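Okay, structure first, notes after.
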Protein chains: 2
Amino acid sequence: MAVTLKDIAKKVGVHPSTVSRVLSGKYDNFNVSEETRKLIFETVKKFNYAPNEMARNLRLQKTQTIGLIIPDILNPFYAGMARSLGIECEKKDYSFIICNTDEIQEKEINFIQMLKRRRVEGLVITPVQESKDHFKELIEENFPFVLASRYFDDFETNAVVTDDYNDVFKAVEYLIKLGHNRIGLIRGRKASSAIQDREKGYKGALAKYNMQIDQDLIVGNGCTIEGGYKATKEILNLPERPTALLVSANVIVVGALEAIFEAGLSVPDDVSVVGFTNMKSTPYLSYPLTSISQPIGQLGKRAFDLLFQHIQSPDEQKYKKIILPSKFSVGKSTQKALGS
Amino acid sequence: MAVTLKDIAKKVGVHPSTVSRVLSGKYDNFNVSEETRKLIFETVKKFNYAPNEMARNLRLQKTQTIGLIIPDILNPFYAGMARSLGIECEKKDYSFIICNTDEIQEKEINFIQMLKRRRVEGLVITPVQESKDHFKELIEENFPFVLASRYFDDFETNAVVTDDYNDVFKAVEYLIKLGHNRIGLIRGRKASSAIQDREKGYKGALAKYNMQIDQDLIVGNGCTIEGGYKATKEILNLPERPTALLVSANVIVVGALEAIFEAGLSVPDDVSVVGFTNMKSTPYLSYPLTSISQPIGQLGKRAFDLLFQHIQSPDEQKYKKIILPSKFSVGKSTQKALGS
DNA sequence: ACCTTTTCCTAAATCGGTTTCTTGACAGCA
DNA sequence: TGCTGTCAAGAAACCGATTTAGGAAAAGGT
């Protein structure tokens with residue numbers, strides 16, 4: 001099969017350890033004659049030798065690999081995270097293995113097991129958050145991992161999240177100042193801490209302006225187009241329709257808009273809409289959506305940085321939670337409420 | 001650190017090989033007493049032992065890992081491929097490592113080297129197609145790989161592609177039958193075989209109806225929103241504007257629509273548009289785009305199947321090129337040409 | 001001429017498993 | 001008693017690298 005270090009040693013007529021020392025470069029100009037070194041390099045090139053990383057890794061007790069566990073790579077949010085994580089990985093000669101949970105808790109647990117067997121050096125995880133004991137185990141073992149975009153509030157971990165509470169608070173405040181007093185919240189997956197924080201931000205903003213919280217205006221659970229469609233349809237059928245909607249997760253805005261247009265309503269004339277997205281354009285709209293733009297690239301980058309730090313110095317580990325602010329960008333999907 | 005097989009053996013008081021034999025299950029009810037087996041299983045559970053796959057893989061000469069080299073995971077087309085590849089991998093206990101080339105030839109070559117050092121068992125690649133000698137080398141070595149969505153026409157490889165020529169041929173034919181006689185082609189990356197085939201399909205359809213091929217109507221090179229915008233702007237500024245556009249790659253349709261609306265034109269009244277997409281909705285449009293829907297999931301699945309087959313029986317390898325038809329779905333972005 | 005120091009390289013252990021070969025104990029049988 | 005056969009488990013080689021310790025030969029010093 002593939003050429004091994006032994007093969008090279010035999011060809012050159014030296015001991016494998018000599019070849020290894022020369023190739024590692026650690027003993028450059030030292031302990032090995034110029035002549036031998038040259039011959040080894042030539043032979044390596046000639047036979048196109050490439051070290052077996054499996055063997056190397058076993059010996060060196062490392063894999064240069066991390067695991068990325070996310071709900072779904074088809075969601076541009078996670079694809080973006082994966083992309084920037086990939087860029088950081090490349091810089092440090094790491095590779096990463098992607099696993100999609102589809103928000104199924106069991107899958108997450110199995111993936112973690114699998115990746116540990118493969119001896120990945122760390123994990124970046126957007127947790128399903130239906131159970132959490134397995135993370136406590138990871139902490140006990142001091143296994144490096146970073147939560148991305150979600151976190152647990154009852155124990156410390158490394159985490160990189162967006163400032164969901166304040167991001168939504170500001171967006172809702174903006175809607176209130178436009179005169180909206182019936183603002184609907186189309187929620188994402190309730191189990192997600194991010195979604196919960198967004199709901200809190202929504203309620204916090206209403207509270208600040210002494211507005212009543214109407215549970216009928218808080219609908220939806222799940223992060224699919226279909227889910228967004230149904231939830232929006234529901235909220236639009238209320239006797240007293242909301243005049244503005246905050247759609248608290250990226251892809252569901254598509255379903256929301258679909259429902260709005262199907263109901264014969266127009267944006268922003270009948271309903272103002274604020275979404276979560278980092279795209280310039282949105283389906284159904286020929287103008288920019290007013291939206292909370294999350295720093296997706298930063299999420300991936302910072303998660304890697306944190307993870308790498310833990311991997312490099314496992315002993316002096318102190319858990320950090322990094323909170324990144326989003327950018328609120330006003331588009332044309334929001335306007336003053338009628339009569340204000 | 002982690003518990004090893006040796007540790008388990010020591011705890012139980014048997015030789016490591018015994019533990020291995022019990023855990024492998026290959027010698028079930030044979031050669032090992034019920035008592036010992038039970039004790040071993042208990043100890044494994046107690047210490048939460050999980051085999052070191054690095055060591056296993058080294059011994060067994062396999063990694064259960066494949067590499068996926070694509071232009072960009074942010075492009076939903078490749079994300080879709082990655083997703084379905086992931087599903088197939090999971091079924092067979094494989095993992096995969098994603099590498100994004102950004103269509104840079106050098107990166108592709110480096111990634112292949114890196115993945116080979118890591119001893120991945122095979123590769124699924126959407127090649128940059130600016131050079132191809134490295135693929136010939138892979139073939140010489142009988143290294144398992146499958147090209148996805150693009151292929152080389154001057155040598156045989158495993159490949160899974162869409163039926164680009166015919167897909168576009170039919171779409172253009174459809175436009176012709178609607179009475180359009182100035183049909184523009186917004187191209188993707190020219191180096192891509194898929195894009196070339198689409199251009200051929202476009203020309204083939206025009207030829208069939210004895211329509212002249214106007215090079216001014218064939219514009220663009222690259223697969224970015226920005227590129228689509230510029231190319232479309234260019235084509236719309238022609239003295240005699242096209243009445244229909246075929247946008248031959250998925251994401252550039254966004255740039256194309258942007259340019260169209262910026263020019264104050266409307267779809268489909270002023271310009272009919274056919275795109276490549278598998279999404280229900282399209283930015284800028286509140287109605288469905290007429291489009292060529294590629295079987296993205298199938299692409300990933302079939303690529304894995306082909307690759308797996310090669311990995312399983314490397315000797316009886318016969319290269320296969322699988323061509324998958326797309327679905328042409330008529331939306332509301334196309335209509336009869338004026339005056340026809 | 002003898003001892004020390006360099007120079008250059010080999011030997012062998014190691015990482016953590018798998019697998020083939022071997023062995024020891026005991027039962028069955030003549 | 002002695003031979004064969006079976007059952008349970010141990011010993012050791014192996015996968016392909018790295019690394020520590022050691023050792024032979026040449027060079028240098030007095």
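Below, chain A is the first sequence line, B the second, and so on; all start at residue 1. Every heavy atom of this structure was used, including side-chain atoms; hydrogens, water molecules and symmetry mates were not. Computed from a prediction, not measured in an experiment: that's the story for all the values here.
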Q: Provide, to the nearest angstrom, the distance between the CD atom belonging to B:E34 and the C1' atom belonging to D:dA9.
A: 16 Å
Q) Would one find a side-chain N or O of B:T4 under 4.0 angstrom from OP1 or OP2 of C:dC15? A) no
Q: For A:E156, check salt bridge (Lys or Arg N to Asp or Glu O under 4.0 Å) against everything at least two apart and list the hits.
A: none
Q: Provide, to the nearest angstrom, the distance between the CZ atom belonging to B:R118 and the P atom belonging to D:dG16.
A: 18 Å
Q) Around atom NZ of B:K107, are there more than 12 heavy atoms of other residues, nucleotides or ligands at under 6.0 Å? A) yes
Q: Would you mind listing every salt bridge (Lys or Arg N to Asp or Glu O under 4.0 Å) that reaches into residues 303-317 of chain A, with sequence neighbours excluded?
A: A:K301-A:D305
**Q.** All side-chain contact (heavy atoms from CB on, under 4.5 Å) counterparts of A:R117, not counting sequence neighbours
**A.** A:Q113, A:M114, B:A50, B:P51, B:E53
Q | Integer-rounded Å distance: C:dG16 P and B:L60 CG | A | 16 Å
Q.
If we count only N and O atoms by modelled type, under 3.5 Å, do the side chains of A:E88 and A:Y94 hold a donor and an acceptor together?
A. no
Q. Where each residue is assigned the nucleotide of DNA chain D containing its nearest heavy atom, which of B:A55 and B:S33 is assigned the position nearer the 5′ end?
A. B:S33
Q) Which angle, rounded to 10°, do you find between the first-five-pair axis and the last-five-pair axis of the helix from C:dA1-D:dT30 to C:dA30-D:dT1? A) 70°
Q. C:dG17 P sits how many Å from B:M54 CE, rounded?
A. 10 Å
Q: Could you tell me which residues satisfy ring pair (Phe, Tyr, Trp, His ring centres under 6.0 Å) with B:F96, sequence neighbours excluded, listed by chain and number?
A: none
Q: Send over the distance from A:K6 NZ to D:dA13 P, rounded to a whole Å.
A: 12 Å
Q: Only counting residues at least two apart or in another chain, list the ones meeting side-chain contact (heavy atoms from CB on, under 4.5 Å) with B:I87.
A: B:R83, B:K91
Q. To the nearest Å, how far apart are A:L5 CG and D:dG16 C1'?
A. 8 Å
Q: Would you classify B:L58 as touching base, sugar-phosphate or nothing, given that sugar-phosphate means primed atoms plus P, OP1 and OP2, and contacts are heavy atoms under 4.0 Å?
A: base
(Q) B:N75: which residues meet the side-chain hydrogen bond (donor to acceptor under 3.5 Å, both in side chains) condition with it, sequence neighbours left out? (A) B:N250
Q. Reckon A:Q61 has a side-chain N or O less than 4.0 Å from the OP1 or OP2 of C:dT14?
A. no
(Q) Check the phosphate of D:dA9 against B:T36, side-chain N and O only, distance under 4.0 Å to OP1 or OP2. Yes or no? (A) yes
Q) Hey, is the side chain of A:Y49 poking within less than 4.0 Å of OP1 or OP2 on D:dG16, counting only N and O atoms? A) no
(Q) If I take atom CZ in residue B:R37 and atom P in nucleotide D:dC7, what distance separates them, rounded to the nearest angstrom? (A) 15 Å
Q: Check ring pair (Phe, Tyr, Trp, His ring centres under 6.0 Å) between B:F135 and all other residues, then give those that pass, not counting sequence neighbours.
A: B:F145, B:F152
Q: Let me know the distance between NZ of A:K62 and P of C:dG16, rounded to the nearest Å.
A: 15 Å
Could you go through nucleotides 10-13 of chain C and list every protein N or O atom that sits under 3.5 Å from one of its N or O atoms, giving the distance for each pair?
unit_1, atom_1, unit_2, atom_2, d
C:dT10, OP1, A:H15, N, 3.4
C:dT10, OP2, A:H15, N, 2.6
C:dT10, OP2, A:T18, OG1, 2.8
C:dT10, O4, A:R21, NH1, 3.2
C:dA11, N6, A:S17, OG, 3.4

